[in-house]
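Have a look at the structure below before the remarks.
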Amino acid sequence: MKKLLLMLLMFAPLATFAQKFGHVNSQEIMQAMPEFTKAKTEIDALQKQYEADLKSMQDELTKKSQDYEKAKATLPDNIKQRREQEMQDMYQKIQQSYQDNQQALAKASQDKMQVIQTKLVDAIKAVGQAGGYVYIMDGASGIPYISTTLSTDVTTQVKAKLGLK
């Protein structure tokens, strides 16, 4: 019995060496995906639209403020107060729009990227199962060291699974 246990302990390390490990660069793959390029273009366009809307609102506030400063000396107190309140309301509206735009932009980005990440993860899983890998680590996630002699780079296989070059 002791001999059997000793033999099992001796051969156990050999079994761990037979395991296959892989690594992948998900950033490289994701940037090669046409869906990523399309999503990035759509997000950039949405951001430009939001920026243009905010600039328009800011320009309007600046114009009202300049007009107010010019006419301030000749205006009655009740009109001064009303215009100051209007400008304060406009300023708050601009701030609220900025916050709303940032939240909408973040949500749009998250929604679009989630679909792409899911597709990428599914391809990595398929390559891992087909190749019999125990682990496939993502080098883009900040892993400080991956041995290229003990781990196989499966980036090209994942790209092929996604139909990328």
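Keep in mind it's a predicted model, so treat the numbers as computed, not measured. Keep in mind that the numbers below use all heavy atoms, side chains included, and drop hydrogens, waters and symmetry copies. All residue numbers refer to positions in the sequence shown, counting from 1.
Leu61 belongs to a hydrophobic cluster whose remaining members, ordered by chain and number, are Leu54, Met57, Tyr68, Leu75, Ile79, Met87, Met90, Tyr91, Ile94, Tyr98; membership requires side-chain heavy atoms of ILVMFWY residues under 4.5 Å apart, directly or through intermediates. Hydrophobic cluster of Val115: no remaining members, since no ILVMFWY side chain lies below 4.5 Å from it.
Taking the side chain to side chain contact (heavy atoms under 4.5 Å, CB included) definition, one finds that Thr74 meets it with Ala71, sequence neighbours left out. With sequence neighbours excluded, the residues forming a side chain to side chain donor-acceptor pair (under 3.5 Å) with Lys63 are Asp67, listed by chain and number. Partners of Lys70 according to the side chain to side chain donor-acceptor pair (under 3.5 Å) rule, which considers only residues two or more places apart in sequence or in another chain, do not exist here. By the side chain to side chain donor-acceptor pair (under 3.5 Å) test, Gln96 is found to be paired with Asp100, residues two or more places apart in sequence or in another chain being considered. Residues that satisfy the side chain to side chain contact (heavy atoms under 4.5 Å, CB included) test with Asp89, not counting sequence neighbours, are Gln85, Gln92. Residues that satisfy the side chain to side chain contact (heavy atoms under 4.5 Å, CB included) test with Thr156, not counting sequence neighbours, are absent from this structure. Listed by chain and number, the residues in a side chain to side chain contact (heavy atoms under 4.5 Å, CB included) with Lys159 are Glu28, Ile29, Ala32, Thr155, Leu164 (sequence neighbours excluded).
Applying the salt bridge (charged side-chain N to carboxylate O under 4.0 Å, His left out) test to every pair with at least one member in residues 109-120, sequence neighbours left out, gives these pairs: Glu35-Lys119, Glu42-Lys112, Lys107-Asp111. Pairs engaging residues 110-142 under the ring-ring contact (aromatic ring centres under 6.0 Å, His included) rule: Phe21-Tyr135 [sequence neighbours left out]. Counting only residues at least two apart or on different chains, no salt bridge (charged side-chain N to carboxylate O under 4.0 Å, His left out) pair has a member in residues 131-141.
Val127 and Lys161 get closest at one heavy-atom pair: CG2-CB, 4.1 Å. Residues Ala140 and Ser26 approach most closely at CB-OG, 3.9 Å, considering heavy atoms.
Checking side-chain atoms of Ser56 against main-chain N and O of Ala52 turns up no donor-acceptor pair under 3.5 Å.
Note that the CD1 atom of Ile124 and the CD atom of Gln129 stand 12.5 Å from one another [nearest 0.5 Å].
Using a cutoff of 4.0 Å between basic side-chain nitrogens and carboxylate oxygens, Asp59 and Lys55 are scored as salt-bridged.
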